[in-house]
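Below is one structure, written out as structure tokens; comments come after it.
These numbers come from a predicted model, not from an experiment.
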Amino acid sequence: AQSVTQLDSQVPVFEEAPVELRCNYSSSVSVYLFWYVQYPNQGLQLLLKYLSGSTLVESINGFEAEFNKSQTSFHLRKPSVHISDTAEYFCAVSLIQGAQKLVFGQGTRLTINP
Amino acid sequence: DAGVTQSPTHLIKTRGQQVTLRCSPKSGHDTVSWYQQALGQGPQFIFQYYEEEERQRGNFPDRFSGHQFPNYSSELNVNALLLGDSALYLCASSLVVVQMGNTEAFFGQGTRLTVV
């Protein structure tokens, strides 16, 4: 079975400061890795994903995540955050083969202060 | 192109009642998955439907059941509602693939169920 641990339930940062949201996973087989974002009263939106290839993946709005197989981590980073980045962020994994069930972490609430 | 649509957006039910939630997948998608997101928690997988059959199921009791129709839309039914069933119910659609790639699941806005 797979599991995901998000190490911080809440992360407050100031606007334009860098941020890192931590994610560790456990799986005995290879998995795909995802970061989803959830704005208040909305569903989930895919932020970025790692399927294969380069271990550093980037999103169109400045976020990036690095897959580290040896540490079983997939931390999310942004060098300079904006007020609009305030949201809940979820790390998730799925098996490479078979059904595409997602296993989510508990989420990290990112709060940006002016 | 409409994404994943869910109805209703909000629902209030009394303990012991039954509820049906509906989901229309993104155009071109053939697989629908349902998740329960309790307040302050990550989504938990309930089950997945493909070709009108339940293909995978999470750790949820039989009170939770579903259906997929020939047009790929889906329903989630919950019987004998408990207070603990209060949550945001999310539907996600995707495309069954046999090769790596294009494994993104698209989520709807969810149905907020409150059991009183």
Side-chain angles (χ1 to χ4, degrees), chain A residues 1-10 21-25 29-54 57 59-60 74 87-111, chain B residues 2-7 9-10 21 23-26 29-51 53-60 87-112:
Chain A
Q2 295 72 48
S3 67
V4 177
T5 302
Q6 292 184 241
L7 299 164
D8 306 291
S9 59
Q10 297 186 58
L21 306 184
R22 297 179 293 169
C23 171
N24 286 95
Y25 70 93
V29 297
S30 295
V31 293
Y32 291 148
L33 295 148
F34 305 84
W35 275 99
Y36 280 85
V37 59
Q38 185 175 38
Y39 298 103
N41 300 314
Q42 294 192 24
L44 300 173
Q45 300 175 30
L46 181 66
L47 191 58
L48 44 75
K49 60 186 177 184
Y50 172 78
L51 304 180
S52 65
S54 172
V57 291
S59 72
I60 59 174
F74 191 53
E88 189 92 20
Y89 291 79
F90 293 95
C91 181
V93 300
S94 74
L95 293 178
I96 288 179
Q97 295 179 339
Q100 299 147 27
K101 175 184 76 171
L102 288 161
V103 176
F104 287 89
Q106 296 283 78
T108 297
R109 182 173 299 278
L110 177 62
T111 305
Chain B
V4 180
T5 58
Q6 293 186 241
S7 63
T9 54
H10 295 83
L21 311 181
C23 172
S24 292
K26 180 179 170 63
H29 283 184
D30 55 12
T31 301
V32 173
S33 300
W34 288 91
Y35 293 82
Q36 180 195 65
Q37 185 179 15
L39 199 61
Q41 303 292 318
Q44 298 288 316
F45 175 74
I46 302 175
F47 44 52
Q48 181 183 82
Y49 277 83
Y50 170 64
E51 291 187 331
E53 289 189 12
E54 183 182 291
R55 297 291 176 166
Q56 250 197 7
R57 189 178 184 91
N59 188 26
F60 279 81
L88 180 68
Y89 288 85
L90 296 165
C91 169
S93 75
S94 56
L95 189 63
V96 169
V97 292
V98 294
Q99 299 174 349
M100 290 176 63
N102 193 25
T103 57
E104 179 178 350
F106 288 79
F107 283 81
Q109 298 282 74
T111 294
R112 174 76 61 186

Task: For the student: nearest non-hydrogen atoms of Phe90(A) and Gln37(B), plus distance - done: CZ-NE2, 3.2 Å
Task: Options Asn41(A), Val103(A), Leu46(A), ranked by heavy-atom pairs under 4.5 Å with chain B, top entry - done: Leu46(A)
- [ ] Would you give the length of the straight line joining atom CD of Gln44(B) to atom NZ of Lys101(A), rounded to the nearest 0.5 angstrom?
- [x] 10.0 Å
Task: Distance (rounded to the nearest 0.5 Å) between Phe104(A) CZ and Leu90(B) CG - done: 8.0 Å
- [ ] Find out whether Leu102(A) and Tyr35(B) are in side-chain contact, i.e. whether some heavy atom of one side chain is under 4.5 Å from a heavy atom of the other.
- [x] yes
Task: Contact class of Gln38(A) relative to chain B, heavy atoms under 4.5 angstrom - done: side chain
